[in-house]
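Throughout, protein chains are lettered first and strands after them, A, B, ... in sequence-line order, and every chain is numbered starting at 1.
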2 protein chains.
Amino acid sequence: MTSSRDEFALLDETWSSVEPPAARRMLIAAAAAFSVRGYHATTTRDIAAQAGMSPAAVYIHYRSKEELLFQISRVGHATSLSVLTAVSDADPVVRLTSAVRAFASWHAEFHTTARVVQYELTALTPEHLAEVVVLRRRIEAAVREMISAGVDAGAFDVPDVRGATLAVLSLCIDVARWYQPSGRRTPEQIGDLYADLVLRMLGAPTTP
Amino acid sequence: MTSSRDEFALLDETWSSVEPPAARRMLIAAAAAFSVRGYHATTTRDIAAQAGMSPAAVYIHYRSKEELLFQISRVGHATSLSVLTAVSDADPVVRLTSAVRAFASWHAEFHTTARVVQYELTALTPEHLAEVVVLRRRIEAAVREMISAGVDAGAFDVPDVRGATLAVLSLCIDVARWYQPSGRRTPEQIGDLYADLVLRMLGAPTTP
DNA sequence: CTCCATACTAAGCGGTTGCTTAGGCGTAAG
DNA sequence: CTTACGCCTAAGCAACCGCTTAGTATGGAG
């Protein structure tokens, strides 16, 4: 299965810094399983089997199944935040365009991680959720500031900045739900499409 | 808890045609639980307790826990399709505007049902999923046709109709994920906001 | 070689799961 | 009064869950 191998190669890219290798294999197996079946439908035996180890091996590297989820969610949120804020162009229009392109295409390319990040929040303990919510607020603030900067520069025509922020974020995040690697669009094409749609939504002068 | 009573009143509105009353109470309890905790994290004992009955009572009215989910998903999809296609205005711009307003605000007001509809598809059996996918395709086709009609009438400026359809649907559906009754926007305000944003996205001349 | 820490497995424990069985209770027809 | 039927519960079964325990293999330090 080629697509399955690609899948795991991409997950490996995201989690390459996790050591030791057995702990990384567990995380990758858990992310793949949580993404497809959901946290509650995934058993620790599933994860261990996918990682090629016994069920008890999970608990050598992680305190609980929930801690596995938390690590995926924490690193996933941090990664998506850094993807969003990596652009530092002076022009607010260019900055937002690049940010949306990168953020949307990340949710496609890394949809396995992104699905866990976006749709398994309710399975986290209150303490872990609180930690992740801090990152989510920073993601929202980053988008809002980029839109605000464009409005202040006279580049955008937005009557409701909070509402526009909500919509832009919502649009990008939902990519993780519907994206399929077998679909007709590549992550890059999705990024380009969404960057254009967002500029229109924000009333930026059309660049022909 | 006032908000909890409102919650159940709204669910009652959606499921009022289900008979007998005990079966309806089960459906409502299941929808509320699936929406908050997810299908797999909800036990048949949870559902029965919320409906004020014994665990075995579930199986008087439904063959399995999955059939409970299927009924919620099937009726929920059918309802959202009829909300989307209820508008029959001749003008394609008015038609799409009204449809988006209604579809987006439905995902807010009935977010409990909408969450089950949008996020628990993977828990359905293959047969039940296939039945629901037919409805999903009709929902997508309805939006695509409305956008196409606007393009044909020269009212929209859309380079990629399929892409625009994807984005419009995605935007509305994701309302179910982030909406909170305690939030700062009412379902109607969300509908108005989204109708405006979608018109901008589709390059419709701004109506001041 | 001994010692010990690390990484792992086989086996299993207590608790929970979806669902079944056997039977009770009320109502209405015969 | 008897019978039959629809709706419900008490009790429980087999399977499965997250996680623990006891023990094994490995490899490097002294």
Counting heavy atoms from C-beta on, name the nucleotide in dG18(C), dA10(D), dC8(C) closest to the side chain of Ser54(B).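 Selected nucleotide (nearest to the side chain): dA10(D).
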NE2 of His40(A) versus P of dT16(C): gap in Å, rounded?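 So the NE2-P distance, His40(A) to dT16(C), works out to 16 Å.
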To the nearest Å, how far apart are Arg24(B) CZ and dC7(D) P?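 My rounded result for the distance is 14 Å.
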Any side-chain heavy atom of [X] within less than 4.5 Å of one from [Y]?
{"X": "Phe156(B)", "Y": "Pro92(B)", "result": "no"}
{"X": "Gln71(B)", "Y": "Trp15(B)", "result": "no"}
{"X": "His40(B)", "Y": "Tyr39(A)", "result": "no"}
{"X": "Arg37(A)", "Y": "Asp46(A)", "result": "yes"}

For Glu140(B), the option from Arg137(B), Arg144(B), Arg138(B) that meets salt bridge (charged side-chain N to carboxylate O under 4.0 Å, His left out):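 Considering Arg137(B), Arg144(B), Arg138(B), a salt bridge (charged side-chain N to carboxylate O under 4.0 Å, His left out) with Glu140(B) is found only for Arg144(B).
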Sidechain-backbone polar pair: Arg101(B) side chain, Asp192(B) backbone, donor-acceptor under 3.5 Å: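 A pair under 3.5 Å: no.
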All N/O contacts under 3.5 Å from nucleotides 21-25 of chain C to the protein, with atom names and distances to one decimal?
none

Mutual orientation of the aromatic rings belonging to His128(B) and Phe70(B) [parallel < 30°, tilted 30-60°, perpendicular > 60°]: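 Plane angle under 30°, so parallel.
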Report the C-alpha distance between Phe34(A) and Thr112(A) in whole Å, list the side-chain angles of each, state the deciding distance to 0.1 Å, and finish with yes or no for side-chain contact (heavy atoms from CB on, under 4.5 Å). CA-CA 8 Å; Phe34(A) 291 166; Thr112(A) 303; over 6 Å; no
Could you check Met53(A) against Arg45(A) and say which one's nearest nucleotide on DNA chain C is further toward the 5' end?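 Upstream on the strand: Met53(A).
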Give, ordered by number, those residues of residues 57-69 of chain A having at least one heavy-atom distance below 4.0 Å to an atom of DNA chain C; if nothing qualifies, reply none.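 Heavy-atom contacts with DNA chain C come from Ala57(A), Ile60(A), His61(A).
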